[in-house]
Amino acid sequence: MVDKSKRYRVGDQPRDAVEQEWEIFIRDDTDDSLRHAGSVSAPTADVAHIQATKLFDWYATDIWLCPASDVRRYSTHTLDAQADSVSPDIDSEERSHEA
């Protein structure tokens, strides 16, 4: 049986950002689903869009931005000193995929 991973809630201000962090999601082709491409630091969504466009517009058909503070990050690594261990109430559920 596969052991369940211990996850940590990562803080809202990752990587010593001095401005608001924005997560970037792009679609390469109209038939593709969105995928996370990275993040940028910018004071506003408009500035974040300009930065994302410089990085990804040469091949992406769509660019979506989301304030990083609205994204909840969970990791099996303690990425910051303020990370809290979390355990979703799924102990009674069977794994959907076993190796």
Peer 1: Within the structure provided, determine whether W22 and S41 are in side-chain contact (heavy-atom separation under 4.5 Å).
Peer 2: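 Side chain of W22 against side chain of S41, heavy atoms only: no contact under 4.5 Å found.
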Peer 1: Given E23 and L65, is the side-chain contact (heavy atoms from CB on, under 4.5 Å) satisfied, shown in steps?
Peer 2: CA-CA 6 Å; E23 299 300 330; L65 299 172; over 6 Å; no
Peer 1: Could you walk me through whether W64 and R27 satisfy the side-chain contact (heavy atoms from CB on, under 4.5 Å) test, starting with their C-alpha distance in whole Å, then the side-chain angles of each, then the deciding distance to 0.1 Å, before giving a yes or no?
Peer 2: CA-CA 9 Å; W64 289 24; R27 187 183 330 268; 4.0 Å; yes
Peer 1: With sequence neighbours excluded, what pairs up with D32 under the salt bridge (Lys or Arg N to Asp or Glu O under 4.0 Å) test?
Peer 2: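 So D32 forms no salt bridge (Lys or Arg N to Asp or Glu O under 4.0 Å) with any residue.
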Peer 1: Tell me the closest heavy-atom pair linking A48 and A42, and the distance in Å.
Peer 2: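 For A48 and A42, the tightest heavy-atom pair comes out as N-CB, 3.5 Å.
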Peer 1: Closest heavy-atom contact between T61 and T30?
Peer 2: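 Closest heavy-atom pair between T61 and T30: OG1-N, 4.0 Å.
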Peer 1: So do the side chains of H36 and I24 get within less than 4.5 Å of each other, counting heavy atoms only?
Peer 2: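 Contact flag for H36/I24 side chains = no.
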Peer 1: How many angstroms lie between CG in L34 and CG in D62, if you round to the nearest 0.5 Å?
Peer 2: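 Nearest 0.5 Å value for the CG-CG distance: 6.5 Å.
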Peer 1: Under the side-chain contact (heavy atoms from CB on, under 4.5 Å) criterion, do V71 and E21 qualify, and how do the steps go?
Peer 2: CA-CA 10 Å; V71 175; E21 290 270 314; over 6 Å; no
Peer 1: Mind checking who shares a hydrophobic cluster with V47, ILVMFWY linked at side-chain heavy-atom distances under 4.5 Å?
Peer 2: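 When side chains under 4.5 Å apart are linked, V47 ends up in no cluster with other residues.
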Peer 1: Looking at every heavy atom in both Q20 and P67, which two are closest together, and how far apart are they?
Peer 2: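 Taking every non-hydrogen atom into account, NE2-CB, 3.3 Å.
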Peer 1: Are F56 and F25 co-members of a hydrophobic cluster defined by side-chain heavy atoms under 4.5 Å apart?
Peer 2: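 No; F56 is not reachable from F25 via cluster members.
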